[in-house]
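What follows is a single structure, written as C-alpha cells, with notes after it.
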Amino acid sequence: MQTATAVIAYIGIGANLGDASANVQDALARLARLPGASLLDASASYRTAPIDSSGDDYINAVARISTTVPAEELLLALHAIEAAHGRERPYRNAPRTLDLDLLLYGDARIASATLTVPHPRITERAFVLVPLLALAPAIVVPDLGPAQDYLASVADQAISQL
C-alpha cells in the first residue's frame with residue numbers, strides 16, 4: 001500500500017464582510033481540522049484596502065499547511081469552508097465573508113479549468129506577498145523566482161499588520 005507524500009501548501013485568507021477578523025481566525029481553525037492536512041503556521045493578520053473591489057477594508061493572512069490531499073480536492077475543501085461562512089460569488093472581486101485561495105502547492109504548476117497554481121496574482125498583491133514572506137522569507141514562486149523580488153512592485157498598496 002502506497003502512502004501519499006505530504007506537500008507544503010500556502011493558503012491565502014481574506015474577508016471584509018461581517019466580523020472579518022473572526023472569519024479569518026475561524027478559517028485557520030478549520031484548516032487545522034482539515035482531513036489529510038496539518039496547519040503548520042499562519043502569518044499575522046493584516047488590514048488592506050480593497051483592490052479592484054469595493055466595501056470595507058480586508059483582513060488578510062496566509063497559512064502554511066502540510067497536506068496529502070491532491071490540489072483539486074484541497075480546492076474543494078477550501079470552497080466548503082468558504083460556503084460554511086456564507087460565501088457568495090455574485091460578481092468578480094465582490095466583497096466576501098471569506099476567501100480562501102490556494103497560492104502554492106509544493107512546486108507544482110497547475111493549469112486546469114478550475115485551478116491555477118501558483119495563484120495567477122500571487123506577485124501582484126501586497127495582501128498576499130507580505131504575509132507569505134513573513135512565513136517564508138526565502139520562498140520561490142515556481143516559474144517566477146523569489147517572491148521577495150516582487151515586493152517593490154506592490155509597495156504602493158497600503159497594508160498594516162494588526
Side-chain angles (χ1 to χ4, degrees), residues 4 6-106 108 110-136 139 141 147 154 157-162:
V7 173
I8 301 299
Y10 290 86
I11 312 296
I13 306 167
N16 79 329
L17 292 178
D19 187 340
S21 290
N23 291 347
V24 168
Q25 291 307 308
D26 185 69
L28 289 168
R30 289 173 186 259
L31 286 172
R33 296 190 306 267
L34 202 61
S38 297
L39 177 64
L40 300 177
D41 203 0
S43 71
S45 291
Y46 294 82
R47 179 178 303 281
T48 60
I51 295 178
D52 299 334
S53 184
S54 61
D56 294 336
D57 284 353
Y58 278 82
I59 304 300
N60 296 100
V62 170
R64 176 173 41 219
I65 66 170
S66 174
T67 185
T68 56
V69 177
E72 294 277 353
E73 287 179 37
L74 181 57
L75 180 65
L76 292 175
L78 298 179
H79 286 171
I81 294 170
E82 290 176 342
H85 278 268
R87 168 75 189 265
E88 296 177 358
R89 298 171 190 268
Y91 54 90
R92 181 175 162 80
N93 294 328
R96 56 209 63 168
T97 53
L98 186 64
D99 183 32
L100 299 175
D101 290 325
L102 182 54
L103 303 173
L104 296 167
Y105 186 84
I110 302 168
S112 73
T114 56
L115 179 61
T116 302
V117 173
H119 190 281
R121 289 172 300 285
I122 192 171
T123 60
E124 300 170 11
R125 305 291 195 236
F127 65 80
V128 172
L129 277 177
V130 172
L132 177 63
L133 286 165
L135 280 179
I139 196 157
V141 179
V154 299
Q157 298 173 24
I159 182 168
S160 57
Q161 185 175 330
L162 297 178

For the atom pair [atom1] ([X]) and [atom2] ([Y]), what is the distance rounded to the nearest 0.5 Å?
X: Thr116; Y: Ile122; atom1: OG1; atom2: CD1; value: 12.0 Å
X: Leu104; Y: Asp101; atom1: CG; atom2: CG; value: 11.5 Å
X: Arg30; Y: Glu82; atom1: CZ; atom2: CD; value: 11.5 Å
X: Tyr58; Y: Ile13; atom1: OH; atom2: CD1; value: 14.5 Å
X: Leu100; Y: Leu31; atom1: CG; atom2: CG; value: 6.0 Å
X: Asp99; Y: Asn23; atom1: CG; atom2: CG; value: 11.5 Å

Of all heavy-atom pairs between [X] and [Y], which one has the smallest distance, and what is that distance?
X: Val69; Y: Gly36; answer: CG2-O, 3.8 Å
X: Tyr105; Y: Pro70; answer: OH-CA, 3.5 Å
X: Leu135; Y: Ala63; answer: CD1-C, 4.1 Å
X: Ala49; Y: Asp57; answer: CA-OD1, 3.6 Å
X: Val62; Y: Val128; answer: CG2-O, 3.9 Å
X: Ala126; Y: Ile159; answer: O-CD1, 3.5 Å

Exercise. So which pairs with a foot in residues 33-47 pass side chain to side chain donor-acceptor pair (under 3.5 Å), sequence neighbours left out?
Worked result: Asp41-Arg64
Just so I know, are the side chains of [X] and [Y] near enough to count as touching, which here means a heavy-atom distance under 4.5 Å?
X: Asn60; Y: Val24; result: no
X: Thr67; Y: Leu34; result: no
X: Ile11; Y: Leu102; result: yes

Exercise. Does a donor on one side chain sit under 3.5 Å from an acceptor on the other, for Thr48 and Gln157?
Worked result: no
For this session: Kindly indicate, with the supporting measurements, whether the criterion side-chain contact (heavy atoms from CB on, under 4.5 Å) is fulfilled by Thr114 and Glu72.
Result: CA-CA 8 Å; Thr114 56; Glu72 294 277 353; 2.6 Å; yes
Exercise. Would Asp26 and His85 count as a side-chain contact (heavy atoms from CB on, under 4.5 Å) if you check the C-alpha gap in whole Å, the side-chain angles of each, and the deciding distance to 0.1 Å?
Worked result: CA-CA 9 Å; Asp26 185 69; His85 278 268; 2.6 Å; yes
For this session: Report the C-alpha distance between Thr123 and Val154 in whole Å, list the side-chain angles of each, state the deciding distance to 0.1 Å, and finish with yes or no for side-chain contact (heavy atoms from CB on, under 4.5 Å).
Result: CA-CA 8 Å; Thr123 60; Val154 299; over 6 Å; no
